[in-house]
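Order of the sequence lines sets the chain letters (A, B, ...), proteins ahead of strands, with each chain counted from 1. Since the model is a prediction, treat every value here as computed from it, not as a measurement.
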Amino acid sequence: MNRIIVCLKQAIDVSQLKVDPATRQLITAGAAKKISDFDKNALEEAIRIKEKIGNIEILTVTVTAEDAKTVLREALAMGADKAYMVNDPSFKDIDTLGTAYILAETIKKIGNFDLILCGETSLDSFSGLVSSRLAELLGLPQITSVRKISVEGDAVSAERALEDSIETVKAKTPALIAVTREINQPRIPSLMMIMKASKKEIITWTAADLNLPREKLDMKIEVKEVLAPKTERKRVKITGESAQEIAERLVKALMEEGVIGR
Amino acid sequence: MSENKGIIVYSEKHDLLLEILGKGREIADKLQKELAAVLIGYGVQGKANELIKHGADKVFLIDNHALTSFQIEPYLNVLHSLATKYKPETVLIGSTRNGKPLAARLATRLQTGCIPDCNRLSVDEEGRLVCERITYGGTAIAKITFKTKPQIATIPPRTFEKPQPKERNGQIINFDVKIETPKTEIVETKPLEVSAVRIEDADVIVSCGRGLEKKEDIVLLEELAQILNGQVGNTRPLAEDRKWFTEWVGLSGHKVKPKLYIACGISGVIQHVAGIRDAKLIVAINKDENAPIFEVADYGVVGNLYEILPALKEALKKQLQ
Ligand SMILES: Cc1cc2nc3c(=O)[nH]c(=O)nc-3n(C[C@H](O)[C@H](O)[C@H](O)COP(=O)(O)OP(=O)(O)OC[C@H]3O[C@@H](n4cnc5c(N)ncnc54)[C@H](O)[C@@H]3O)c2cc1C
């Protein structure tokens, strides 16, 4: 195994996302960004494989409409050797097929690799389609929902967590694996690692560098609206002098609501 | 079907396929299209009639030894051949760990859109499928439709009701296709203990979060659940970090719709709340008066669950017994 490519999405940090209460619109402009959690697990796994086997180059690939250098510095600090950022404002309006297509073209341009690691889904859009679309475009063996990986020469073996079973699957490399968050606990880079990483390279490509025909990036879906759900909850606080009093008042309220009792 | 471009539904999980058939029937009737179910496997022909009873006009049967267990390449190849021959307008696929990659790859091979994990489906004025799904970690609900055909959407388990079976007429078609060889090899399959109780069916859920200190304390919730004829639920950290449970409620877990959801020691982070949005009534017990769970609760109790839960048990016993 010589080279692992990790697909990293710069995602909106959904825990910090604000909603305009009047319109229920999300305030995405200026929202905090980070490496999508699941992709961080993928990167961590690549680093662990490298620590075990040695002499592997870890490259990250990011497709983004906005600059992602700050976030990619973190990936380099964690242990990636080089980061590729494919950045073009026109990527603002692409869907999962467009993203997978750009990833595929980028990876072809990079050249040889043994393993592609992806997160099973992304923190913000939560679609979970890109890794499968990428496997299809590159014609690779694909293993999804993976919670454990072992490299065995020119093959990989992986444990998949399915709904009602655990499946162990083997594939010859090159292959693509999508990991779940269970697989590991990503490391937090030390100050030393952060400083060392400042010398590492972030390579920036645009749509033109990849000769991407625009029609390949056309949206196949149309987003009609994205709105925060209406919360029409009563928000009544039940108080009392003692736990007993509170409990009795709560039970009374639940009886009146008709959700308990006969 | 080449004249009347219909709807094709597939899931490798039989119950989920029946659920999707119910919704598929509704849409097919509205658009006056044909509804076809796909049955893939080995020795599965016996199930075809049940699919017709649950709403399929046609069943495409692909019965082959090489299809005994799910593997992505051969199954994809079957669906792709079907889609190429019959040109369905819509393909609905069960959103499971195997079904979702299948849908994504089918959509890629057909150069079309895919909308995953839809909680609601409807049809717009132009007859396009409109899908609703939770996005941004539960902060928003997106309404999305398609610009290309076929329209491919995936449906999570227990999103739609299984329809009542009826005697109806339908056609079973043996679909002949060359089976692609898989690119991966299944070395071992270890079945997991899955509980037969479905939390989606519970009328009452008493749920715990990290506010619960010890595993033994789950009994506090179990006692309440028993009195209320309900089930115990939990947040993800209690499963993932503490391993007290194997499943959880929320965006990445089960989406529940009980009459009553009692959240005990749960902060109310958006990913958890995304799973309880359809509860009729939400009660929150949390010692932190600023916990976000109170924003989405109908009744809130600021207090220590270790004091409130035993008192609640007594009050309920008094009232109900
Ligand atoms: C992509 C993604 C998907 C996720 N999906 C899910 C999901 O599907 N479901 C899910 O649950 N989580 C999910 N999470 C995790 C989620 O973000 C939260 O971490 C989790 O829901 C918090 O669980 P909690 O409320 O139990 O814990 P905490 O947030 O730690 O809250 C514990 C609460 O207990 C209260 N408390 C403590 N002691 C007491 C006491 N004695 N009496 C009363 N109250 C007390 C505290 O005040 C606090 O509010 C997901 C996260 C990510 C990133």
Visitor: Pick one of side chain, backbone, both or neither for A/I246, based on which atoms fall under 4.5 Å of a heavy atom in chain B.
Guide: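 For A/I246, the side chain is the part near chain B, not the backbone.
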Visitor: For the interface with chain A, which of B/I308, B/L281, B/V301 has the highest count of heavy-atom pairs at distances below 4.5 Å?
Guide: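 The residue among B/I308, B/L281, B/V301 with the greatest pair count is B/L281.
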Visitor: Could you look at B/V283 and say if it's the side chain, the backbone, both or neither that has a heavy atom under 4.5 Å from chain A?
Guide: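 Just its side chain gets close to chain A.
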Visitor: Do B/R109 and A/E136 have side-chain heavy atoms sitting under 4.5 Å apart?
Guide: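 The answer is yes; the side chains approach within 4.5 Å.
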Visitor: To the nearest 0.5 Å, tell me how far A/L137 CG sits from B/R105 CZ.
Guide: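 So the gap between those two atoms works out to 9.5 Å.
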Visitor: One pair to check against side-chain contact (heavy atoms from CB on, under 4.5 Å): A/Q142 and B/I72. What are the steps and the verdict?
Guide: CA-CA 8 Å; A/Q142 165 198 26; B/I72 186 110; 4.0 Å; yes
Visitor: State whether the side chain of B/K183 and the backbone N or O of A/G139 hold a donor-acceptor pair below 3.5 Å, judged by distance alone.
Guide: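 Yes, because the side chain of B/K183 sits within donor-acceptor range (under 3.5 Å) of the backbone of A/G139.
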Visitor: Working to the nearest 0.5 Å, report the span between CZ of B/F146 and CG of A/D95.
Guide: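 Going from CZ on B/F146 over to CG on A/D95, the span is 10.5 Å.
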Visitor: Provide the closest heavy-atom pair for B/A315 versus A/V251 in the form atom of the first, atom of the second, distance.
Guide: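 In this case the closest contact between B/A315 and A/V251 is CB-CG2, 3.7 Å.
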Visitor: Is a side-chain N or O of B/D298 found less than 3.5 angstrom from the main chain of A/K234, in a donor-acceptor match?
Guide: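 Yes, B/D298 side chain to A/K234 backbone: donor-acceptor pair under 3.5 Å.
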Visitor: Using heavy-atom distances under 4.5 Å, tell me whether B/L102 contacts chain A through its side chain, its backbone, both, or neither.
Guide: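 Interface part for B/L102: neither.
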Visitor: Chain A heavy atoms under 4.5 Å from B/E247: which part of the residue, side chain, backbone, both or neither?
Guide: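 It is neither, since no heavy atom gets under 4.5 Å.
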Visitor: Can you tell me which portion of B/K318 sits under 4.5 Å from chain A's heavy atoms? Options are side chain, backbone, both or neither.
Guide: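 The answer is the side chain of B/K318.
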Visitor: Under 4.5 Å, counting heavy-atom pairs only, tell me which of A/K216, A/K220, A/E159, A/K170 racks up the most with chain B.
Guide: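 Sorted descending by pairs with chain B, the first entry is A/K220.
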Visitor: Can you see which heavy atom on A/V14 is nearest to which on B/T139, and at what distance?
Guide: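 Scanning both residues completely, I find the closest heavy atoms to be O-OG1, 4.1 Å.
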Visitor: Heavy-atom pairs under 4.5 Å with chain A: which of B/E289, B/E185, B/K100 has the most?
Guide: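 Among the listed options, the one with the most contacts to chain A is B/E185.
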Visitor: Under a 4.5 Å heavy-atom cut-off, does chain A meet the side chain of B/T96, its backbone, both or neither?
Guide: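 Contact with chain A: backbone and side chain both.
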Visitor: Has A/D20 got more than 12 heavy atoms of other residues, nucleotides or ligands less than 6.0 Å from its CG?
Guide: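 Result for CG/A/D20: enclosed.
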Visitor: What is the minimum heavy-atom distance between B/V296 and A/R233, and which atoms define it?
Guide: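 Reported closest heavy-atom pair: O-CG, 3.2 Å.
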Visitor: Which atoms of A/L134 come close to chain B, meaning under 4.5 Å heavy atom to heavy atom: side chain ones, backbone ones, both, or neither?
Guide: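 Nothing of A/L134, per the 4.5 Å heavy-atom cut-off to chain B.
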Visitor: Hey, are the side chains of B/T189 and A/I166 touching, using non-hydrogen atoms and a 4.5 Å cut-off?
Guide: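 Heavy-atom side-chain distance check fails, nothing below 4.5 Å.
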Visitor: Chain A heavy atoms under 4.5 Å from B/V269: which part of the residue, side chain, backbone, both or neither?
Guide: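 Neither; nothing under 4.5 Å.
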Visitor: Checking heavy atoms, do the side chain of B/L251, its backbone, both or neither come under 4.5 Å from chain A?
Guide: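 Both parts, backbone and side chain.
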Visitor: Does B/R133 reach the main-chain N or O of A/F126 with its side chain, forming a donor-acceptor pair under 3.5 Å?
Guide: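 Yes; at least one donor-acceptor contact below 3.5 Å.
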Visitor: Report the option among A/Q185, A/M219, A/E182 that has the most heavy-atom pairs separated by less than 4.5 Å from atoms of chain B.
Guide: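 Result: the option with the highest number of such pairs is A/M219.
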Visitor: If you round to the nearest 0.5 Å, how far is CD of A/E225 from CD of B/E132?
Guide: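 Rounded to the nearest 0.5 Å, the CD-CD separation comes out at 7.5 Å.
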Visitor: Given that the side chain runs from C-beta out, which part of B/R277 has a heavy atom under 4.5 Å from chain A: side chain, backbone, both or neither?
Guide: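 B/R277 touches chain A through backbone and side-chain heavy atoms alike.
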Visitor: Report which part of B/D203 has an atom under 4.5 Å of a heavy atom belonging to chain A: side chain, backbone, both, or neither.
Guide: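 It is neither, since no heavy atom gets under 4.5 Å.
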Visitor: A/D164 and B/K13: salt bridge (charged side-chain N to carboxylate O under 4.0 Å, His left out), yes or no, with the steps?
Guide: CA-CA 11 Å; A/D164 48 14; B/K13 301 266 183 229; 3.1 Å; yes
Visitor: In Å, rounded to the nearest 0.5 Å, how long is the span from CD of B/Q319 to CG of A/L254?
Guide: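 Answer for the CD-CG pair, B/Q319 versus A/L254, is 10.0 Å.
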Visitor: Yes or no on side-chain contact (heavy atoms from CB on, under 4.5 Å) for A/T168 and B/I186, after CA distance, side-chain angles and deciding distance?
Guide: CA-CA 6 Å; A/T168 309; B/I186 301 175; over 6 Å; no
Visitor: Starting from the C-alpha separation in whole Å, work towards a yes-or-no answer on side-chain contact (heavy atoms from CB on, under 4.5 Å) for A/I221 and B/T145.
Guide: CA-CA 6 Å; A/I221 57 168; B/T145 187; over 6 Å; no
Visitor: Considering all heavy atoms of both residues, which atom of B/Y136 and which atom of A/V226 are nearest to each other, and what is their separation?
Guide: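 Result for this residue pair: CE1-CG1, 4.0 Å.
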Visitor: Given the options A/A228, A/A171, A/A100, which has more heavy-atom pairs under 4.5 Å with chain B than any of the others?
Guide: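 Winner by heavy-atom pair count: A/A228.
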Visitor: Determine, step by step, whether B/T135 and A/D124 satisfy the side-chain contact (heavy atoms from CB on, under 4.5 Å) criterion, reporting the C-alpha distance in whole Å, the side-chain angles of both residues, the deciding distance to 0.1 Å, and the verdict.
Guide: CA-CA 7 Å; B/T135 180; A/D124 48 5; over 6 Å; no
Visitor: Name the region of A/L250, side chain, backbone, both or neither, that has any atom closer than 4.5 Å to a heavy atom of chain B.
Guide: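 Contact with chain B: side chain only.
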Visitor: Tell me whether B/K190 is salt-bridged to A/E167, with the criterion being a basic N under 4.0 Å from an acidic carboxylate O.
Guide: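 Salt bridge between B/K190 and A/E167, a charged N being under 4.0 Å from a carboxylate O: no.
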Visitor: Please rank A/A243, A/S145, A/P229, A/A247 by heavy-atom pairs under 4.5 Å with chain B and give me the top one.
Guide: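 With the most close heavy-atom pairs to chain B, the winner is A/P229.
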Visitor: If we define contacts as heavy-atom pairs under 4.5 Å, which of B/I282, B/I285, B/V302, B/D117 has the most with chain A?
Guide: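 Ranked by heavy-atom pairs under 4.5 Å with chain A, first place is B/I282.
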Visitor: For B/A140 versus A/L26, what's the shortest heavy-atom pair and its separation?
Guide: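 Heavy atoms of B/A140 and A/L26 come nearest at CB-CD1, 3.8 Å.
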Visitor: Measure the CG-OG1 distance between A/L140 and B/T184 for me, rounded to the nearest 0.5 Å.
Guide: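 Interatomic distance, A/L140 CG to B/T184 OG1, rounded to 0.5 Å: 12.0 Å.
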Visitor: Give a yes or no on whether the backbone of B/C131 and the side-chain of A/K224 come within a donor-acceptor separation of less than 3.5 Å.
Guide: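 Not confirmed, A/K224 side chain does not pair with B/C131 backbone.
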Visitor: Who wins among B/Q111, B/K280, B/E314, B/E307 for the most heavy-atom pairs under 4.5 Å with chain A?
Guide: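 Of the candidates given, the most pairs with chain A belong to B/Q111.
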Visitor: Can you confirm whether more than 12 heavy atoms, excluding those of A/Q244, are under 6.0 Å from its CD atom?
Guide: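 Not more than 12 within 6.0 Å, no.
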Visitor: Between A/K252, A/E257, A/E232, A/E245, which has the largest tally of heavy atom pairs under 4.5 Å with chain B?
Guide: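 Of A/K252, A/E257, A/E232, A/E245, A/E257 has the most heavy-atom pairs under 4.5 Å with chain B.
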Visitor: Got a donor-acceptor contact below 3.5 angstrom from the A/E163 side chain to the B/R97 backbone?
Guide: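 Side chain of A/E163 to backbone of B/R97, a donor-acceptor pair under 3.5 Å: yes, one is there.
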Visitor: Under 4.5 Å heavy-atom distance to chain A, tell me which part of B/A103 shows up: side chain, backbone, both or neither.
Guide: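 No part of it gets close to chain A.
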Visitor: Just so I understand: if I count every heavy-atom pair under 4.5 Å between each of A/S242, A/A161, A/S122, A/A11 and chain B, which residue has the most?
Guide: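 Highest number of pairs under 4.5 Å: A/A161.
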Visitor: Report yes or no: is the cationic atom of A/K237 (NZ for Lys, CZ for Arg) closer than 6.0 Å to the six-membered ring centre of B/F294, at no more than 45° off its axis?
Guide: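 Yes; both conditions hold, so A/K237 lies above the ring face of B/F294.
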Visitor: For salt bridge (charged side-chain N to carboxylate O under 4.0 Å, His left out), just list the numbers for B/E240 and A/R181, CA-CA rounded to whole Å, side-chain angles, deciding distance to a tenth of an Å, and then say yes or no.
Guide: CA-CA 9 Å; B/E240 227 181 20; A/R181 294 200 57 202; 5.4 Å; no
Visitor: Please look at B/Q71 and chain A and tell me whether the side chain, the backbone, both or neither of the residue comes under 4.5 angstrom of a heavy atom of that chain.
Guide: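 Looking at B/Q71, nothing touches chain A.
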Visitor: Which heavy-atom pair separates A/L162 from B/L192 by the least distance, and what is that distance?
Guide: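 Of all heavy-atom pairs spanning A/L162 and B/L192, the closest is O-CD1, 4.0 Å.
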